[in-house]
Amino acid sequence: MELLALHRISKDKRLIYLGLSLIIVLTAIIAAAMIGFMNINATQTIAIIGNKIGLNGSDKFTANQAIVLWNYRLPRILMALIIGGGLACSGAVLQGLLRNPLVEPGLIGVSSGAALFAVLFFVLGDKLPNAEILSIYILPIVSFFGAFLVTFLVYQLSKVNGASNIAFLLLAGIAINALCTSLIGLTLYFADDDAIRNFTFWTLGNLSGASWLKTLISLILVLLPSISMLYYYKVLDALNIGEEVAKQLGANVDQTKKMLIVLCALVVGCSVAMAGIIGFVGLLIPHLVRILIGNNHSNVLVGSIITGGLALLVADTIGRVIVAPAELPIGIITALVSTPFFLWLLLKVKNQFVF
Amino acid sequence: MAFIESEKSVCILIEASNISYSIKGKVLLDKVNISIPNGKIVGLAGINGAGKSTLLKVLIGQLEHYRGTVKYDQTDLKQLNITQLAGLRAVLPQEVKATFPVIAKDIIELGRMFFNEEETVKQGIINQVIEEVKANNFIHQYYDSLSGGEKQRIQLARVLSQIWLGENCRYLFLDEPISSLDIALQHEILRMLNKVKQRNIGVLIVLHDINLLLQYCDEICFLKNGEVITQDTPEIVANEKLLSNIYNFPMSIHELNGKPYLLPKSTNQFIEPKNI
């Protein structure tokens, strides 16, 4: 596979890169907190955050600024970071696991499977008592099952003589993706007057519903599983030179596969439950990271979490302000930026595939 | 001391007995017996479809549903877990491709990735195997950018690092490792195996070129229709009748530099046969 790889981080430089990227993330958080309909400057931003975690300085900002920043912008910023990181990380993991650089949770139907289950629950669960309160907890679980089901199904469908076939994987994934998306449309059409707005939410993604509770749920069900995928980086590195070879090296490939598929389904399922389908982050970011810092998976996964979070934060902040006071769905921005990149990638690798 | 060591090498080996394997009613292996002694190179040969690859897969633990027993130094293969097995045997396939581009050295390091050991120990072994396969000049290049011969040397370094050290005898399996290499590289790799076997390592090599087998192997095992025809030293298996029968093709044995050399019978007239 003649994919580009320009640089490679040596082991001793990892901490420097990590430190640098954390500084960039912190800067981005503060910058994104400042940007928006209400003006809040950098000093005020830091003062509000400091005030909320117990430091003095309440004389520097107004109460309204504090409410907007603390109750709306900050949870939204954190969710963008978490969900972007989770999607990019699962994209990188699926690429490594299926030994296919073109895989992405959105492309092979995992996201739309999660969204379909979420929508079905949304529509059918309406009749349950306390649906509003319950849904925030149950929705991620239901979406996880949807994501898991599609991942499992696509993987099984792609198996030829025991090994996952790239062409079958993409075709089966695209077919299931189309099926799920149309079923989402169908379900919402019959359900509700608000259908069209909701359909946009599920298929193009939106972070406007962010809250601290959702942030906490995302932290547990998206960020933690993403970080725990790092545990399997050695097997992913070994899989790079073939499944049988990896087994011969002593990698527990079968168990790793099961665990990583479940973890990816969890991350993608919960991301979809929280923010709808956000496409292409899972494809664009891992490749960007692979090109920048090489293909060793310990680096790729950490790099994807950080870069994916940053990318989604930037995209969401743009979506927030570009048509203010209205908002652009985040999926429009990510797709707009990523599609040219995807096409470039396709050109790079197309000679390798015979469909 | 020498006496103890030689006695050890007699009993330490991979011993497969009565191996049968069939898939969808088709018998691929039928009551096969083969042994790979410590410190020896055993060649595995036979026509296409004779069952060489299947037997190799059984011996390395890749196929599970076979009948018969495979013993690694008295231990049943089925009792070894994936990590134990990784420390006992390594496998070099015909060709290894990397999905995502990585540095050649990273590929070598995969050989010891799944062992718990200190970084200094690991790096020591890695440096030794790099020295052994003479790959110093290109370990920092991208694997994809290397030539076929360089790639195969990197892979040899990887499998060697996996079994470089160990209390027990280790085994190296090679499946057509040189079929895409030029003649100089073929001999270079095979000569390396001659050094490798001295490290308490038993080698099994699947190879189509019968003359290379006759030249480099201590024993050769011939398969036909899923059955072992014979396993013996090159001097003994270099028998016109036997080989002609195995390959369904008339052959004649000649002598070259003291080693038996095989030629198809039809070209006999062009070559002066030596004393057989």
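Protein chains get the first letters and strands the later ones, always in sequence-line order, with residue 1 at the start of each. Please read these numbers as outputs of a predicted model, since none were measured by experiment.
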B:Asn225, CG atom: more than 12 neighbouring heavy atoms under 6.0 Å: no
Evaluation steps, side-chain contact (heavy atoms from CB on, under 4.5 Å), between B:Ile107 and A:Ile241: CA-CA 8 Å; B:Ile107 291 202; A:Ile241 57 170; 3.8 Å; yes
Most contacts with chain B, counted as non-hydrogen pairs under 4.5 angstrom, among A:Val300, A:Val235, A:Asn252: A:Val235
Non-hydrogen atoms of B:Thr99 and A:Pro101 that approach each other most closely: CG2-CD, 4.1 Å
Minimum heavy-atom distance between A:Ala251 and B:Phe114, given as atom pair plus value: CB-CZ, 3.4 Å
Contacts of residues 146-160 of chain B with chain A (heavy atom under 4.5 Å): B:Arg158
Side chain / backbone / both / neither for A:Glu244 at chain B, heavy atoms under 4.5 Å: side chain
Atom NZ of B:Lys26: over 12 foreign heavy atoms under 6.0 Å: no
Close side-chain approach of A:Asp237 to B:Asp106, heavy-atom, < 4.5 Å: no
CD (B:Glu131) with more than 12 external heavy atoms under 6.0 Å: no
Interchain contact, B:Glu119 with chain A, by part (heavy-atom threshold 4.5 Å): side chain
Whether A:Asn295 side chain and B:Pro101 backbone form a donor-acceptor pair below 3.5 Å: yes
Heavy-atom check, side chain of B:Gln162 versus side chain of A:Leu249, under 4.5 Å: yes
NZ/B:Lys122: more than 12 non-hydrogen atoms of other groups inside 6.0 Å: yes
Residues from residues 83-93 of chain B approaching chain A under 4.5 Å (heavy atoms): B:Ala86, B:Arg89, B:Val91, B:Pro93
Ring geometry between A:His297 and B:Phe100 (parallel below 30°, tilted from 30 to 60°, perpendicular above 60°): perpendicular
Neighbour count >12 (heavy atoms, 6.0 Å) for atom CZ, B:Arg67: no
CD/B:Glu118: more than 12 non-hydrogen atoms of other groups inside 6.0 Å: no
CZ/B:Phe115: more than 12 non-hydrogen atoms of other groups inside 6.0 Å: yes
Least distance between heavy atoms, A:Gln248 atom then B:Gln62 atom: NE2-OE1, 3.7 Å
Which atom of B:Val102 lies closest to which atom of A:Asn296, heavy atoms considered: CG1-OD1, 4.5 Å
